[in-house]
Chemist: 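Pasting a structure here, questions to come.
The figures that follow rest on heavy atoms only: side chains count, while hydrogens, waters and symmetry mates do not. These figures come from a predicted structure and were not determined experimentally.
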Amino acid sequence: MLRGERVALRARQASDLPVLMAELYGDVAARSGASSRPWVPISPSSRKQPYDVEDLPDSLACFSVVELEREQLAGESLLWGIDMHNRLAHLGLSIRPAFRGQGLAVDIVRVLCHYGFVVRGLNRLQIDTLADNEAMCRTALAGGFTLEATLRRSAWVMGEFVDEVAFGLLASEWTATPSG
């Protein structure tokens, strides 16, 4: 388990799946903005669950996020597109509605940076998000990331093309904090 000041990142458990499916995947608008794939309905009994971590490729490292004060599942986070040759990865997170707006995202990002830079030995981490996702843009900047690019009208989200932004952080720029 990786611990920050307010959150811990742990292995995904079977009991996490129904909560993540209902509260994160079930929010069509939020999920559509968070994924490059189109939202499709998935039966709760389906063997293909987007939060299932069995048989993941080496390019993914998925975590469940636990809020430490209440010891409750607060969401999910991951490093994706892990490229050990170029020593880079992208990071992502999604927080359950009841835990949003409480400042957990920056701590999650810091713990993911610790995992990427210290545990995995990566040189670069990147956050890609929609340009209008103000919360994630603020989180990236607060986590030490630099806005590097705007990709104009590069994402199809809920019937329209929208801009994406890319934030980057190098291991040499990262400042370890008590949470990472």
Side-chain angles (χ1 to χ4, degrees), residues 1-4 6-102 104-122 125-130 133 135-136 139-140 143 155-158 164 166 179-180:
M1 183 178 308
L2 301 168
R3 296 179 68 92
R6 302 188 56 211
V7 300
L9 306 186
R10 64 160 168 76
R12 183 86 30 90
Q13 300 172 357
S15 61
D16 297 342
L17 298 180
V19 176
L20 297 174
M21 281 298 294
E23 294 190 32
L24 299 181
Y25 192 82
D27 183 345
V28 177
R31 178 67 183 194
S32 295
S35 177
S36 61
R37 297 186 180 113
W39 185 91
V40 295
I42 297 175
S43 167
S45 62
S46 173
R47 290 185 324 180
K48 287 187 95 175
Q49 299 278 332
Y51 298 103
D52 188 3
V53 294
E54 294 296 318
D55 301 319
L56 288 179
D58 291 340
S59 61
L60 283 173
C62 297
F63 302 94
S64 286
V65 176
V66 176
E67 192 266 338
L68 291 172
E69 185 176 325
R70 292 175 274 183
E71 296 183 3
Q72 292 182 348
L73 178 67
E76 63 102 18
S77 64
L78 71 155
L79 288 187
W80 60 275
I82 300 170
D83 176 344
M84 291 309 294
H85 175 72
N86 293 302
R87 295 179 49 208
L88 60 87
H90 302 258
L91 62 87
L93 60 99
S94 189
I95 299 174
R96 294 174 56 200
F99 293 89
R100 293 178 188 157
Q102 299 176 22
L104 300 179
V106 174
D107 199 31
I108 295 167
V109 166
R110 288 179 179 146
V111 177
L112 284 171
C113 288
H114 173 82
Y115 176 72
F117 293 137
V118 176
V119 177
R120 298 295 296 260
L122 299 175
L125 293 174
Q126 182 168 319
I127 295 174
D128 307 291
T129 190
L130 300 179
N133 185 344
M136 193 65 218
T139 296
W156 179 254
V157 179
M158 302 296 286
E164 290 181 285
S179 64

Chemist: Answer yes or no: is there a side-chain heavy-atom contact under 4.5 Å between P50 and R31?
Modeler: yes
Chemist: Roughly how far, to the nearest 0.5 Å, is CD of Q13 from CG of L20?
Modeler: 11.0 Å
Chemist: So, E67 side chain and R70 main chain: donor-acceptor pair closer than 3.5 Å or not?
Modeler: yes
Chemist: Ignoring hydrogens, what is the shortest heavy-atom contact between G75 and L24? Give both atom names and the distance.
Modeler: CA-CD1, 4.4 Å
Chemist: Kindly give the heavy-atom pair with the smallest separation between L125 and C113, and that separation in Å.
Modeler: CD1-CA, 3.6 Å
Chemist: Would you tell me whether R12 and Y51 have side-chain atoms, one donor and one acceptor, within less than 3.5 Å of each other?
Modeler: no
Chemist: Working to the nearest 0.5 angstrom, can you tell me the gap between R87 CZ and L122 CG?
Modeler: 7.5 Å
Chemist: Using modelled atom types and a 3.5 Å cut-off, is there a donor and acceptor pairing between side-chain atoms of S46 and backbone atoms of I42?
Modeler: no
Chemist: Just wondering, do V157 and L130 contact through their side chains at under 4.5 Å, heavy atoms?
Modeler: yes
Chemist: Does any non-hydrogen side-chain atom of Q72 lie less than 4.5 Å from one of F99?
Modeler: yes
Chemist: H90 vs W80 aromatic rings, parallel, tilted or perpendicular, using cut-offs 30° and 60°?
Modeler: parallel
Chemist: With rounding to the nearest 0.5 angstrom, report the SG to CG distance, C62 to L78.
Modeler: 5.0 Å
Chemist: Return the minimal non-hydrogen interatomic distance between G4 and L68, and the atom names on each side.
Modeler: O-CD1, 3.7 Å
Chemist: Does some side-chain heavy atom of L9 sit less than 4.5 Å from a side-chain heavy atom of Y115?
Modeler: no
Chemist: Could you check whether any side-chain heavy atom of L88 comes within less than 4.5 Å of a side-chain heavy atom of Q126, counting everything from C-beta outward?
Modeler: no
Chemist: For a 4.5 angstrom cut-off between non-hydrogen side-chain atoms, does E164 reach T129?
Modeler: no
Chemist: Do L93 and V109 have side chains that approach each other closer than 4.5 Å (heavy atoms only, starting at C-beta)?
Modeler: yes
Chemist: Show the nearest heavy-atom pair for residues L56 and L60, with the distance to one decimal.
Modeler: CD2-CD1, 3.9 Å
Chemist: Is a side-chain donor or acceptor of W39 paired with a backbone partner of Y25 at a separation under 3.5 angstrom?
Modeler: yes
Chemist: Can you confirm whether more than 12 heavy atoms, excluding those of R37, are under 6.0 Å from its CZ atom?
Modeler: no
Chemist: Around atom CG of N86, are there more than 12 heavy atoms of other residues, nucleotides or ligands at under 6.0 Å?
Modeler: yes
Chemist: From I127 CD1 over to L91 CG, what is the distance, rounded to the nearest 0.5 angstrom?
Modeler: 4.0 Å
Chemist: Not counting sequence neighbours, which residues clear salt bridge (Lys or Arg N to Asp or Glu O under 4.0 Å) with E23? List them please.
Modeler: R96
Chemist: Between V66 and R10, what is the shortest heavy-atom contact and its length?
Modeler: CG2-NE, 3.3 Å
Chemist: Report yes if the side chains of I82 and L79 come closer than 4.5 Å at any heavy-atom pair, otherwise no.
Modeler: yes
Chemist: Between atom OG of S64 and atom CE of M1, what is the distance when rounded to the nearest 0.5 Å?
Modeler: 10.0 Å
Chemist: Taking all non-hydrogen atoms of both residues, which atom of R100 and which atom of I95 are closest, and how far apart?
Modeler: NE-O, 2.6 Å
Chemist: What do the steps show when you test M21 against Q49 for side-chain contact (heavy atoms from CB on, under 4.5 Å), and what is the final call?
Modeler: CA-CA 8 Å; M21 281 298 294; Q49 299 278 332; 3.0 Å; yes
Chemist: Nearest 0.5 Å please: distance from the CG atom of L112 over to the CG atom of D107.
Modeler: 10.0 Å
